[in-house]
Undergrad: 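Mind having a look at this structure? Questions to follow.
Residue numbers begin at 1 in each chain, while the letters A, B, ... track the order of the sequences. These numbers were taken from a predicted model, which means no experiment stands behind them.
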Number of protein chains: 2
Amino acid sequence: MTETPIRTTRQRRAVAAVMDDLDRFASAREIHDALRDRGESVGLSTVYRNLQALADAAEVDQLRNDEGEVLYRRCITDNHHHHLVCRECGRTVEVQGPALERWVEQVGAEHGFRQMAHTLELFGTCDQCG
Amino acid sequence: MTETPIRTTRQRRAVAAVMDDLDRFASAREIHDALRDRGESVGLSTVYRNLQALADAAEVDQLRNDEGEVLYRRCITDNHHHHLVCRECGRTVEVQGPALERWVEQVGAEHGFRQMAHTLELFGTCDQCG
DNA sequence: ATCGTTGCAAATGTTTTGCATGTCA
DNA sequence: TGACATGCAAAACATTTGCAACGAT
């Protein structure tokens with residue numbers, strides 16, 4: 001179990017910088033495009049590799065849209081949370097749900113299921129888009 | 001708005017029959033394999049087309065697993081519901097969640113979101129696998 | 001005889017990987 | 001220098017689509 005050093009490359013910094021400025025979930029391709037628009041040339045596979053690394057380090061959240069694409073966004077909160085996403089503009093709010101978590105445990109228990117886990121995403125139209 | 005007739009083909013019957021016997025979510029490839037095992041030769045694209053048709057007719061539920069594959073299963077209930085899936089054996093229970101639905105509406109309202117929608121899947125280990 | 005359906009092969013689109021080359025520490 | 005990182009092309013996947021042949025009505 002030796003730690004693998006992580007090197008600070010131009011590409012890694014560029015991806016992190018884009019993620020910092022992103023207030024909504026975006027696909028790898030969108031992030032790749034954003035990099036190009038900033039004049040930062042980064043290979044698409046490098047974008048994927050860096051996003052994966054950020055996700056492994058719990059620096060970004062991942063979710064899948066209806067088309068099955070993986071979307072990425074820097075997380076604000078470290079704790080377990082869910083996302084309320086505007087279906088128009090993509091604006092995202094992180095929400096905690098103690099009541100939901102309790103409900104999940106209860107439903108599991110009712111059916112004899114243990115070690116419960118869950119995935120939940122909320123969608124709606126925000127007041128600026130409504 | 002004229003209705004398009006739907007023809008009863010051997011392939012369509014075979015796919016429906018497999019879905020009837022399936023008590024867990026399965027991928028298109030698994031369903032294709034199940035058809036082969038039954039001695040029913042059905043092209044993979046036909047499987048996809050028929051599963052899509054069944055989903056459009058709300059005869060089967062669709063969900064995406066972690067790998068991004070779409071899984072299919074005949075629905076028991078017509079109303080809105082969620083799935084509690086055993087991560088070991090795939091056994092699935094359909095659950096209704098009035099409390100959850102209320103929670104969703106409330107969270108949306110708190111942040112000024114309207115026309116709320118949500119996706120939720122529950123995973124756990126069932127008593128037979130625990 | 002229609003016209004929806006099928007099957008195959010080819011296309012699509014996202015994500016991953018092999019490998020030679022580049023570059024941070 | 002040496003190990004990790006990158007870039008490109010190619011591979012790997014699930015899924016969709018074009019099109020000629022098929023078959024239900």
Undergrad: Let me know the distance between CG of B:L35 and C1' of C:dT6, rounded to the nearest Å.
TA: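 One finds 14 Å between C1' of C:dT6 and CG of B:L35, rounded.
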Undergrad: Mind grabbing the angle between the end helix axes of the helix from C:dA1-D:dT25 to C:dA25-D:dT1? Five pairs an end, 10° rounding.
TA: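 Comparing the axis at each end, I get an angle of 20°.
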Undergrad: Using salt bridge (charged side-chain N to carboxylate O under 4.0 Å, His left out), reason through A:R64 and A:E121 one step at a time and then give a plain yes or no.
TA: CA-CA 10 Å; A:R64 233 173 250 279; A:E121 301 300 337; over 6 Å; no
Undergrad: Check whether any side-chain nitrogen or oxygen of A:R29 sits under 4.0 Å from OP1 or OP2 of C:dG13, and answer yes or no.
TA: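 So the side-chain polar atoms of A:R29 never come under 4.0 Å of the phosphate oxygens OP1 or OP2 of C:dG13.
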Undergrad: Counting only side-chain nitrogens and oxygens, does B:Y48 get under 4.0 Å of the OP1 or OP2 atom of D:dT15?
TA: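 Looking at the OP1 and OP2 atoms of D:dT15, one of them is under 4.0 Å from a side-chain N or O of B:Y48.
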Undergrad: Starting from C1' on D:dT15, measure out to NE2 on B:H32 and report it in whole angstrom.
TA: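 Rounded to the whole Å, the gap is 13 Å.
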Undergrad: In chain order, what residues pass the side-chain contact (heavy atoms from CB on, under 4.5 Å) check against B:A55, with sequence neighbours excluded?
TA: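 Counting only residues at least two positions away or on another chain, B:A55 forms a side-chain contact (heavy atoms from CB on, under 4.5 Å) with B:Q52, B:V60, B:Q62.
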Undergrad: For the pair made of CD in B:E30 and P in D:dA14, what is the distance, rounded to whole Å?
TA: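 Between P of D:dA14 and CD of B:E30: 11 Å.
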Undergrad: Considering residues at least two apart in sequence or located in another chain, which fulfil the side-chain hydrogen bond (donor to acceptor under 3.5 Å, both in side chains) criterion with A:D21?
TA: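 Checked A:D21 against side-chain hydrogen bond (donor to acceptor under 3.5 Å, both in side chains); matches are A:R38.
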Undergrad: Kindly write out the residues that satisfy side-chain hydrogen bond (donor to acceptor under 3.5 Å, both in side chains) with A:E105, not counting sequence neighbours, or none if the list is empty.
TA: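 Counting only residues at least two positions away or on another chain, A:E105 forms no side-chain hydrogen bond (donor to acceptor under 3.5 Å, both in side chains).
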Undergrad: So if I take every side-chain heavy atom of A:A28 and compare against C:dT15, D:dG7, C:dT6, which nucleotide ends up nearest?
TA: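 Of all the options, the side chain of A:A28 is nearest to C:dT15.
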Undergrad: Could you identify which residues cluster with B:I6, counting Ile, Leu, Val, Met, Phe, Trp and Tyr as linked when any side-chain heavy atoms lie under 4.5 Å apart, either directly or through a chain of such contacts?
TA: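 For B:I6, no cluster forms, as it stays isolated from other hydrophobic side chains.
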Undergrad: List the residues meeting side-chain contact (heavy atoms from CB on, under 4.5 Å) with B:A16, not counting sequence neighbours, and say none if there are none.
TA: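 Scan of B:A16 (side-chain contact (heavy atoms from CB on, under 4.5 Å), adjacent residues dropped) gives B:R74.
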Undergrad: Where along residues 63-71 of chain A does a heavy atom fall under 4.0 Å from DNA chain C?
TA: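 Going residue by residue through residues 63-71 of chain A, the ones with a heavy atom under 4.0 Å of DNA chain C turn out to be A:E69, A:V70.
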Undergrad: Could I get the full list of side-chain hydrogen bond (donor to acceptor under 3.5 Å, both in side chains) partners for A:R49, not counting sequence neighbours?
TA: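 Scan of A:R49 (side-chain hydrogen bond (donor to acceptor under 3.5 Å, both in side chains), adjacent residues dropped) gives none.
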Undergrad: Taking CD from A:Q52 and P from C:dT15, how many angstroms apart are they, rounded to a whole number?
TA: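 Computing the A:Q52:CD to C:dT15:P distance gives 10 Å.
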Undergrad: Would a distance-only check, ignoring hydrogens and angles, find a side-chain to backbone donor-acceptor pair under 3.5 Å from A:R24 to A:T92?
TA: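 Checked: no pair found.
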Undergrad: Apart from B:I76 itself, what residues make up its hydrophobic cluster, given side-chain heavy atom links below 4.5 Å?
TA: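 Besides B:I76, the cluster holds no residue at all.
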Undergrad: Please tell me whether B:H82 and B:H118 have a donor and an acceptor in their side chains that are separated by less than 3.5 angstrom.
TA: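 Distance-only check passes for B:H82 and B:H118.
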Undergrad: Could you state the CG-C1' distance from A:L44 to C:dT16, rounded to the nearest angstrom?
TA: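 Between C1' of C:dT16 and CG of A:L44: 11 Å.
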Undergrad: Quick one: list whatever passes salt bridge (charged side-chain N to carboxylate O under 4.0 Å, His left out) with A:D23, sequence neighbours left out.
TA: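 If we apply the salt bridge (charged side-chain N to carboxylate O under 4.0 Å, His left out) test to A:D23, skipping adjacent residues, there are no hits.
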Undergrad: Calculate the interatomic distance between A:R36 atom CZ and D:dG7 atom C1'; express it in whole Å.
TA: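 From A:R36 CZ to D:dG7 C1': 17 Å.
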Undergrad: Are OP1 or OP2 of C:dT6 and a side-chain N or O of B:N50 less than 4.0 angstrom apart?
TA: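 It does, given that an N or O in the side chain of B:N50 lies less than 4.0 Å from OP1 or OP2 of C:dT6.
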Undergrad: If the condition is salt bridge (charged side-chain N to carboxylate O under 4.0 Å, His left out), which residues does B:R73 pass it with, not counting sequence neighbours?
TA: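 Counting only residues at least two positions away or on another chain, B:R73 forms a salt bridge (charged side-chain N to carboxylate O under 4.0 Å, His left out) with B:E94.
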Undergrad: Treating primed atoms plus P, OP1 and OP2 as sugar-phosphate and everything else as base, which nucleotides of nucleotides 17-25 of chain D get B, S or - for protein heavy atoms under 4.0 Å?
TA: BB----BBS
Undergrad: In whole angstrom, give the distance that lies between atom CD of B:Q62 and atom P of D:dA14.
TA: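 Rounding to the nearest Å, CD of B:Q62 and P of D:dA14 are 16 Å apart.
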Undergrad: Just how far, in rounded Å, is C1' of D:dT6 from CG of A:L51?
TA: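 One finds 15 Å between C1' of D:dT6 and CG of A:L51, rounded.
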